[in-house]
Trainee: 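Below is a structure I'd like to ask you about.
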Amino acid sequence: MTEHPSPREGPAGSTRRGVSSSGPAPVVPLGRTPVRHMDRLQYLDVATRRIARGMDLDETLRELRWAAVPAFADAIVIHLHDPLPVGDEKSPTAVVLQLHSVDRAPEARTALLMPHAEYGDVAERVRPVLDGRLAKLLLAGQPAFGDTPGIGLAVTELLGPTASAPGTLPPGRRLIIAPLHGRHHVMGTVVLLRRPDRSAFTADDLLVASQLATHTAIGVQKAVMYGHEASVADTLQHTMLPSSLPEPTGIRLASRYLPASKTAQVGGDWYDAIPLPGSRVALIVGDVMGHSMTSAAIMGQLRTIVQTLAGLDLPPHEVLHHLDEQAQRLGSDHIATCLYAIYDPISHRLLMANAGHPPAVLLRPNGHAEVLQVPPGAPIGVGGVVFESVEMPAPTGTTLVLYTDGLVESRDRDVGTGVEALRTHLRSTPHRHRLSSLERLCDRILTALAPGPRDDDIALLTARFEGFPPDSVGYWHLDPHPLTAGQARRLTRRVLHRWGLDPLLDTTELLVGEVVTNAVRYASRPISLRLLRTDVLRCEVTDDSSQVPRMRDAAPGDEGGRGLFIVDRLAQRWGATRLSTGKVVWFEQQIPKEPPYHGS
């Protein structure tokens, strides 16, 4: 329950309580002068428009208090259903009313609602008696005067037992109980009171109270639904974003997502980082046009499509092409922008394509910040657009910054100006901060470019390229013939011995021989063998056949069919991925830890 204690000057020089000094200025005729018979229509027009413009619960009820006190009543008591019902389903529990706020004109503090208590003895939590007078009043949904026969019990339930004491409440028709009745639910009640020295309520005033209660109930219901939609949309958005980023070798990642200041205006911004065969990583950022739960849902579908396409290991421009086709199947009115990049830590190269998205920015270790010039193409969903992949070097220590337009565009700043502001900020970042963690870099970017309320949500993905050291990679192209498996085993033994991994020699030779033998059986072009030494030993064998191997039970008399079984039993992890040009079969082994040195 709230009652605003600080006085303020109301309209027409009156002093009153109920709204903070930051509240909107009252509009004539909602002033000190009581509403007269000829003013009622004008008063209702202004009051209901003020109540209707509230976007949240507190704002809606604040406008009701402004409208009611002191122009129509000297005090107002508002109780709300707890919890407030959402939607059209009927609540399975009994109605419980919780005191929300009390507002009194200054001159009424010594005459209404138990003047010797700070908030009076108004009941803070009310459980209407089943089949009691208050329950029937709420069910009827119509306002009633305080002198209506039998209404005293309802007054006592709402205002507390001391309300029935002599002299506590003004006599005659100076009290109205008006239920807040929504479309299908009771939303609460409003009690309006007048001082004894003020004229009593009339039948016309009862109609005014009914209109105030009706518009307030609609406003409360709207605020509840607005808040519910905001919560659902925000949950939907966060659920569809990655819960965590992968930790692939050769690259460090950090991300941020900030919803718009008005959370019900959630958009379709997303980001992703997807490990690809060959230790490469796909980096994606996208934005579905619009702000609604529909945008968030479309974003989830597009993100799923991108993940599926990434699994096929297609180049960026082909991913965007197929994404565009799928987006058109979702509906012609769904438009999105997307930037798709692939980083190869072994070749230290970056391949990128753009579908109408703001350009990425590359920050080099020396402080030079460059806006990457990639043909932007048209947004996803337009159809019939040719996308282009651009390859560029990605030196060790370079940081790639991907983002959505909410970071660089606002009401007073266009995208071009915002991108330049981002580049300037990155370029002016001190050296120690450029080399610090990406988490801090993300925070610095958001603090500099999005410090205040946001009209749009923001997705930010940063990637720092670390690459693979050349002496940790072994790579060969081998012609497919019967002796290739033996050649692959010899090359493997030579490299593992150079790396000091002699304990893995026998097992790795056996596994390489099995995988290469399978590749030779189906390949029509040279196969590739690659060994990578990181925290694990990884072997990758690539050939031009799209037939992915599957484990099967070999009969006792079969000559083959046991290779993958051996790989499955001896390798720590293994897998096979279909590529646009064939497939890659890989396996990993744990590198033995060196025994601790105890000294002499």
Side-chain angles (χ1 to χ4, degrees), residues 237 240-242 255-260 265-274 282-292 294-307 309-310 314-342 351-362 371-390 400-410 413-420 422 449-450 454-463:
Q237 174 84 11
M240 291 183 177
L241 290 173
S255 63
R256 293 289 186 274
Y257 172 75
L258 295 180
Q265 295 297 315
V266 66
D269 292 22
W270 91 92
Y271 61 86
D272 225 332
I274 305 172
L283 306 170
I284 308 105
V285 65
D287 183 4
V288 177
M289 302 298 183
H291 297 84
S292 65
T294 301
S295 299
I298 293 297
M299 176 272 288
Q301 295 182 68
L302 294 182
R303 181 177 174 235
T304 301
I305 295 170
V306 170
Q307 290 177 326
L309 294 172
L314 301 172
H317 65 278
E318 289 193 26
V319 170
L320 295 183
H321 171 75
H322 291 295
L323 182 63
D324 181 52
E325 289 184 333
Q326 295 299 320
Q328 293 177 68
R329 293 188 176 95
L330 296 177
S332 58
D333 55 340
H334 300 313
I335 303 297
T337 63
C338 183
L339 195 152
Y340 190 98
I342 296 177
L351 190 62
M352 184 181 300
N354 193 345
H357 201 80
V361 179
L362 204 63
V371 178
L372 298 182
Q373 301 300 316
V374 178
I380 298 297
V382 172
V385 179
V386 177
F387 301 102
E388 180 180 348
S389 293
V390 175
L400 181 68
V401 179
L402 307 176
Y403 54 90
T404 55
D405 59 358
L407 180 68
V408 295
E409 185 179 25
S410 63
R413 182 175 63 190
D414 59 43
V415 174
T417 303
V419 172
E420 180 59 27
L422 172 62
L449 274 78
R454 298 170 298 279
D455 298 327
D456 196 1
D457 46 348
I458 298 173
L460 175 66
L461 177 63
T462 58

Trainee: Indicate the atoms forming the closest heavy-atom contact of Asp269 with Leu241, along with that distance.
Mentor: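 Between these two residues, the closest heavy atoms are O-CD2, 3.7 Å.
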
Trainee: Where do His321 and Phe387 come nearest, in terms of heavy atoms and distance?
Mentor: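 What the structure gives for the nearest pair is N-CD1, 3.8 Å.
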
Trainee: Find the distance between CH2 (Trp270) and CG (Asp287) and round it off to the nearest 0.5 Å.
Mentor: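 Here the interatomic distance stands at 8.0 Å.
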
Trainee: I'd like to know whether Val419 forms a side chain to side chain contact (heavy atoms under 4.5 Å, CB included) with Tyr403, so could you lay out the CA-CA distance, the side-chain angles of the two residues, the decisive distance to 0.1 Å, and finally the verdict.
Mentor: CA-CA 10 Å; Val419 172; Tyr403 54 90; 3.4 Å; yes

Trainee: Working to the nearest 0.5 Å, report the span between CG of Asp405 and NE2 of His357.
Mentor: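 Asp405 atom CG to His357 atom NE2 measures 7.0 Å (nearest 0.5 Å).
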
Trainee: Do you know which two heavy atoms are closest between Thr337 and Pro379, and how far apart they sit?
Mentor: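 Heavy atoms of Thr337 and Pro379 come nearest at CG2-CB, 4.3 Å.
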
Trainee: Calculate, to the nearest 0.5 Å, the distance between atoms CG and CG belonging to Asp272 and Leu402 respectively.
Mentor: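 The CG atom of Leu402 is 11.5 Å from CG of Asp272, to the nearest 0.5 Å.
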
Trainee: Can you see which heavy atom on His317 is nearest to which on Ala353, and at what distance?
Mentor: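 Residues His317 and Ala353, closest heavy atoms: N-CB, 3.8 Å.
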
Trainee: Mind listing the closest non-hydrogen atom pair of Cys338 and Leu320 along with its distance?
Mentor: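 It is SG-CD2, 4.0 Å.
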
Trainee: Looking at Leu449 and Val408, what are the two nearest heavy atoms and their distance?
Mentor: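 Nearest heavy atoms, Leu449 then Val408: CD2-CG1, 4.3 Å.
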
Trainee: Which is it for Leu258 and Leu407 under the side chain to side chain contact (heavy atoms under 4.5 Å, CB included) test, yes or no, and what are the steps along the way?
Mentor: CA-CA 10 Å; Leu258 295 180; Leu407 180 68; over 6 Å; no

Trainee: Under the side chain to side chain contact (heavy atoms under 4.5 Å, CB included) criterion, do Met352 and Leu339 qualify, and how do the steps go?
Mentor: CA-CA 7 Å; Met352 184 181 300; Leu339 195 152; 3.6 Å; yes

Trainee: Under the salt bridge (Lys or Arg N to Asp or Glu O under 4.0 Å) rule, collect the residues that match up with Glu388, sequence neighbours excluded.
Mentor: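 Salt bridge (Lys or Arg N to Asp or Glu O under 4.0 Å) list for Glu388, sorted by chain: empty.
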
Trainee: Side chains of Val390 and Pro375: does their closest heavy-atom pair fall under 4.5 Å?
Mentor: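 Touching, per the 4.5 Å side-chain cut-off.
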
Trainee: With a 4.5 Å cut-off on side-chain heavy atoms, are Leu330 and Leu302 touching?
Mentor: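 When only atoms from C-beta onward are counted, Leu330 and Leu302 do touch, with a gap below 4.5 Å.
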
Trainee: Mind checking the CZ-CG spacing from Arg256 to Leu461? Nearest 0.5 Å is all I need.
Mentor: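 Spacing of CZ (Arg256) from CG (Leu461) equals 11.0 Å.
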
Trainee: Once you round to the nearest 0.5 Å, how far does CE of Met299 lie from OG1 of Thr304?
Mentor: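 With rounding to 0.5 Å, CE (Met299) is 9.5 Å from OG1 (Thr304).
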
Trainee: Can a donor-acceptor pair be found, under 3.5 Å and without considering hydrogens, that links the side chain of Gln326 to the backbone of Asp324?
Mentor: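 It does not hold such a pair.
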
Trainee: When you measure from the side chain of Thr404 to the backbone of Ala459, do you find a donor-acceptor pair of N or O atoms at a distance under 3.5 Å?
Mentor: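 Checking the backbone N and O of Ala459 against the side chain of Thr404, a donor-acceptor pair under 3.5 Å is found.
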
Trainee: Can you list the steps and then say if Gln307 with Ile274 is a side chain to side chain contact (heavy atoms under 4.5 Å, CB included)?
Mentor: CA-CA 7 Å; Gln307 290 177 326; Ile274 305 172; 3.8 Å; yes

